[in-house]
> 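Structure in C-alpha cells, see below.
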2 protein chains.
Amino acid sequence: MSSLPILYAEERRQSILELVNRSGRVAVGDLSKRFGVSSVTIRTDLQTLAEQNLLVRTHGGAVSTGPAAAEMAIALRRERKVREKQRIGRAGAALAANGDAVYLDSSSTSLAIARFLKSRRLLTVITNSLMIVQELLDAPHIQVMLTGGSFQRETAAFVGPYTHAFLNQVHIQIGFFGAHGIAAEPGLTDISPEIAAAKRPVLKRCRQAVAVVDASKWGRVGIAPFAGIDEIDIIITDDSAPADAVRAVEAMGADVRFV
Amino acid sequence: MSSLPILYAEERRQSILELVNRSGRVAVGDLSKRFGVSSVTIRTDLQTLAEQNLLVRTHGGAVSTGPAAAEMAIALRRERKVREKQRIGRAGAALAANGDAVYLDSSSTSLAIARFLKSRRLLTVITNSLMIVQELLDAPHIQVMLTGGSFQRETAAFVGPYTHAFLNQVHIQIGFFGAHGIAAEPGLTDISPEIAAAKRPVLKRCRQAVAVVDASKWGRVGIAPFAGIDEIDIIITDDSAPADAVRAVEAMGADVRFV
DNA sequence: CGATTATTATGAAAGCAATTGAAAGAAAAT
DNA sequence: ATTTTCTTTCAATTGCTTTCATAATAATCG
C-alpha cells in the first residue's frame with residue numbers, strides 16, 4: 001500500500017481522476033486506503049475535482065462524468081434546488097400577462113418558468129436557450145422565437161454578436177434573468193462574459209426585468225456582471241435566502257419577493 | 001444478473017433512467033428486485049427523477065417522458081428514401097472543404113449531410129433547422145450557428161424576418177438546399193412561403209449553391225419557388241431520377257451529379 | 001354497480017454511513 | 001521565522017435506506 005510513498009495533493013488528484021475514468025467509479029474508502037490519507041482528504045479532493053466538472057460526486061465516492069457526447073444533456077438535466085426553482089418558476093410565470101412577449105434567458109430557473117408557461121395561450125416566448133425551445137416544443141399555443149447566434153455547448157445557449165443584433169430589434173414586456181450570483185455590488189453576475197453579454201442588451205429592452213435567483217446565489221459574485229440592482233424591477237427568491245445579503249440589496253430599493 | 005454488488009444512489013437512478021427510456025416504462029417491483037433495494041427506495045428514486053422531469057410517475061411505476069426528444073426521434077424515423085438520402089448526404093458532405101462556412105437548410109437531406117459532417121473539424125455550420133442543431137450537439141469540433149427567428153413547429157425550422165436579417169449578415173462558402181420539387185420551370189420549389197423565404201436570401205450569400213434532391217422530387221412543383229435552375233451550381237440526386245426531367249434541367253446548363 | 005381484496009403509496013421513526021465545519025497539527029514555501 | 005497550504009481529528013449534521021403502520025388506488029367478484 002505504501003508503494004506510493006508521498007504524493008503531492010495535485011498528483012494524488014490526477015491519480016484519482018485516472019482511476020475514476022478507467023473504472024467509471026471510485027469509493028472514498030478505497031482511495032483513502034490506497035493513498036494512505038484520511039477519508040476527509042479524499043473528500044476534499046473529490047470535491048475539488050467535482051467543482052472542475054472532472055467527475056460527479058456521489059455518496060461514498062464518485063463516478064466519471066461519462067462520455068463527452070452525453071455530457072451536456074446530463075449536466076444540464078441534473079438540476080439542483082429543484083423544489084425551490086419550481087416555486088420560483090410558478091411565481092415568475094404568474095407575472096406574465098396574456099399577450100406579452102416574454103424573454104427567458106438560458107438559466108435553469110428560466111427553464112422552470114417555461115414549464116409553468118406551457119399551458120398558457122397568447123404568449124410569445126423569446127429566448128436564447130436551446131433547452132427552453134425544446135421544453136416548449138409541445139406547447140402549441142405559444143409562439144417561440146429564438147435569438148440565434150453561435151451555439152455554446154456548455155450552456156446550450158446562443159451567444160455572440162448575432163444574438164446581440166437580434167435582441168436589439170425586439171420589444172419585450174417582461175424578461176426573466178437567472179444569475180450565478182447576486183449582491184448589492186456589483187449586482188447580478190454570471191460566470192461567462194458571453195452569457196453576460198447576451199443578457200445585457202435584453203435588459204434595456206424589457207419594460208419589466210425580473211431576476212430569478214434561488215437562495216444559493218445570494219452574496220456570490222461571478223466574473224461577469226450584467227446588471228446593477230437598480231436595473232432590476234423585481235427579484236424573486238426563496239425564503240431560505242440569507243437575510244443580511246437580502247437586506248443589503250433591499251436597502252438599494254429593490255423589490256425582493258419570497259416564494 | 002445482480003452481479004453489481006452495491007450501486008451508488010446516483011448510479012441506480014441513472015440506470016433507471018436508461019431503462020425507462022429504452023423500454024418506455026418501468027415497474028417499482030421489477031426495479032426493486034433488479035437492484036436489490038426496497039420498493040420505498042425505488043419510489044423515492046422515481047420521485048426524484050420525476051421532479052427533474054426526466055420521467056413521469058404512474059401508479060406502480062413510471063413511463064418515459066421527453067415529448068420533445070421522443071417526438072422528434074419518431075418524426076425522424078418516418079423518413080423515406082433513407083438510403084438514397086444517405087448516399088446524397090455523403091456526396092454533399094464531401095463538397096465541403098475544411099475551414100468552410102457551410103449552410104444547411106431545414107430539409108431531411110440536409111440532415112443527412114450533417115451526419116456526414118459530424119466527424120469533420122474546422123467547419124462552421126450555419127442553419128435554420130433545430131434538428132440539425134440537435135444532430136450536431138455531440139460534434140464538438142464543429143461550430144454551429146443558428147439563424148434564429150420564429151419557430152415553425154411543422155418543420156422544426158426558424159423562419160421570418162429575423163431569420164432573413166441574420167442571413168443577410170453572413171458569408172457562406174457552400175450552401176445545401178433541399179426542395180419539395182425540382183423542374184426546369186420554375187426551378188426549385190417548396191411547400192411553404194415561409195420556408196422558401198428563408199432559403200432565398202441565403203442562396204445569394206453562398207459562393208456555391210448545391211441542391212440536394214432525391215429522385216421523387218423531379219418534375220414536382222410546390223407552391224413556393226425559391227430558386228431558378230440558373231442560380232444553382234450543383235444538383236445532387238440519385239440515379240433513379242427520371243431521365244426526361246433531368247435532361248430538361250441539364251439543357252439549362254445545370255451540373256447534375258448522380259450518386 | 002357496489003363491495004371486497006390485492007396492490008401500491010405515503011408518512012414517521014430509526015439505524016447507519018457519509019459528509020461537513022471547525023479547530024488544530026504537520027508540511028511546504030517564501 | 002512566518003505564512004500558506006495541506007491534512008487530521010472530532011463532533012454535529014445530513015442523506016440514504018429500511019421497517020412498520022396506514023392511506024389510497026386498482027382489480028376482482030358477487
Side-chain angles (χ1 to χ4, degrees), chain A residues 1-2 4-17 19-20 24-64 78-86 214-216 218-220 238-242 244-245, chain B residues 2 4-17 19-20 23-52 54-65:
Chain A
M1 49 173 69
S2 59
L4 304 171
I6 304 165
L7 278 187
Y8 294 121
E10 199 44 47
E11 298 177 286
R12 189 181 55 241
R13 286 178 194 150
Q14 218 44 52
S15 298
I16 292 175
L17 202 50
L19 283 170
V20 74
R25 59 181 303 195
V26 290
V28 171
D30 292 350
L31 294 173
S32 162
K33 262 183 283 180
R34 175 190 289 260
F35 293 111
V37 296
S38 81
S39 52
V40 178
T41 301
I42 295 296
R43 278 186 209 106
T44 61
D45 287 345
L46 294 181
Q47 186 177 349
T48 306
L49 293 168
E51 277 168 5
Q52 299 171 15
N53 283 315
L54 298 171
L55 48 74
V56 173
R57 197 63 225 283
T58 67
H59 266 248
V63 294
S64 89
R78 280 262 165 271
E79 288 178 21
R80 283 180 296 208
K81 304 255 174 199
V82 174
R83 227 167 297 227
E84 288 84 352
K85 278 175 186 158
Q86 212 168 320
D214 65 60
S216 68
W218 288 89
R220 235 173 22 186
D238 62 275
D239 46 20
S240 57
D244 49 348
Chain B
S2 57
L4 297 176
I6 305 165
L7 233 48
Y8 295 130
E10 275 300 314
E11 296 178 291
R12 190 181 54 239
R13 287 179 191 147
Q14 203 56 46
S15 297
I16 292 174
L17 201 52
L19 285 170
V20 75
S23 66
R25 53 179 298 205
V26 290
V28 173
D30 291 349
L31 295 173
S32 162
K33 260 182 286 179
R34 175 191 288 259
F35 293 113
V37 297
S38 80
S39 53
V40 178
T41 301
I42 295 296
R43 282 190 202 101
T44 62
D45 286 345
L46 294 181
Q47 185 179 348
T48 305
L49 293 168
E51 276 171 4
Q52 300 177 10
L54 298 172
L55 49 74
V56 173
R57 197 63 225 283
T58 65
H59 207 90
V63 296
S64 98
T65 180

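Lettering of chains follows the sequences in order, A, B, ..., and the numbering in each one begins at 1.
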> Starting at CG of B/Leu49 and ending at P of D/dC16, how long is that distance when rounded to a whole Å?
12 Å

> Could you tell me if the side chain of A/Arg57 sits less than 4.5 Å from the side chain of A/Arg43, heavy atoms only?
yes

> At under 4.0 Å between heavy atoms, what does B/Gly61 touch on the DNA or RNA strands: base, sugar-phosphate, or nothing?
sugar-phosphate

> With a 4.0 Å cut-off on heavy atoms, is A/Ser32 in touch with a base, just the backbone sugar-phosphate, or nothing at all?
nothing

> Between residues 37-45 of chain B and DNA chain D, which residues have a heavy-atom gap below 4.0 Å?
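Here the set is B/Val37, B/Ser38, B/Val40, B/Thr41.
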
> Whole-Å distance between C/dG15 P and A/His59 NE2?
20 Å

> Are B/Leu31 and B/Leu19 side-chain neighbours, meaning at least one heavy-atom pair lies under 4.5 Å?
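They are in side-chain contact.
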
> Taking CD from A/Gln47 and C1' from C/dT20, how many angstroms apart are they, rounded to a whole number?
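Taking atom C1' of C/dT20 as the reference, CD of A/Gln47 is at 9 Å.
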
> If you take all heavy atoms of A/Val20 and A/Val63, which pair is closest and at what distance?
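Residues A/Val20 and A/Val63, closest heavy atoms: CG2-C, 3.7 Å.
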
> With a non-hydrogen cut-off below 4.0 angstrom, is A/Thr48 in contact with a base, only sugar-phosphate, or nothing?
nothing

> Tell me: CZ of B/Arg57 to P of C/dT8, nearest whole Å?
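After rounding, the gap between these two atoms is 11 Å.
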
> Between A/Thr41 and A/Phe35, is any pair of side-chain heavy atoms under 4.5 Å apart?
no

> Which atoms form the tightest heavy-atom contact between A/Ala62 and A/Leu55, and what is the distance?
CB-CD1, 3.9 Å

> Can you check the B/Arg12 CZ to D/dT17 C1' distance for me, whole Å?
8 Å

> Between C/dT7 atom P and B/Leu31 atom CG, what is the distance in whole Å?
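Taking atom P of C/dT7 as the reference, CG of B/Leu31 is at 18 Å.
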
> Check the distance between C/dA18's P and A/Asp30's CG and give it to me in whole angstrom.
11 Å

> Less than 4.5 Å apart, side chain to side chain, heavy atoms only: is that true for B/Thr58 and B/Arg25?
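Result no, sub-4.5 Å side-chain heavy-atom pair not found.
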
> Hey, is the main chain of A/Thr44 close enough, under 3.5 Å, to the side chain of A/Thr48 for a donor-acceptor pair?
yes

> Roughly, in whole Å, what's the span from CG in B/Leu7 to C1' in C/dA17?
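Taking atom C1' of C/dA17 as the reference, CG of B/Leu7 is at 17 Å.
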
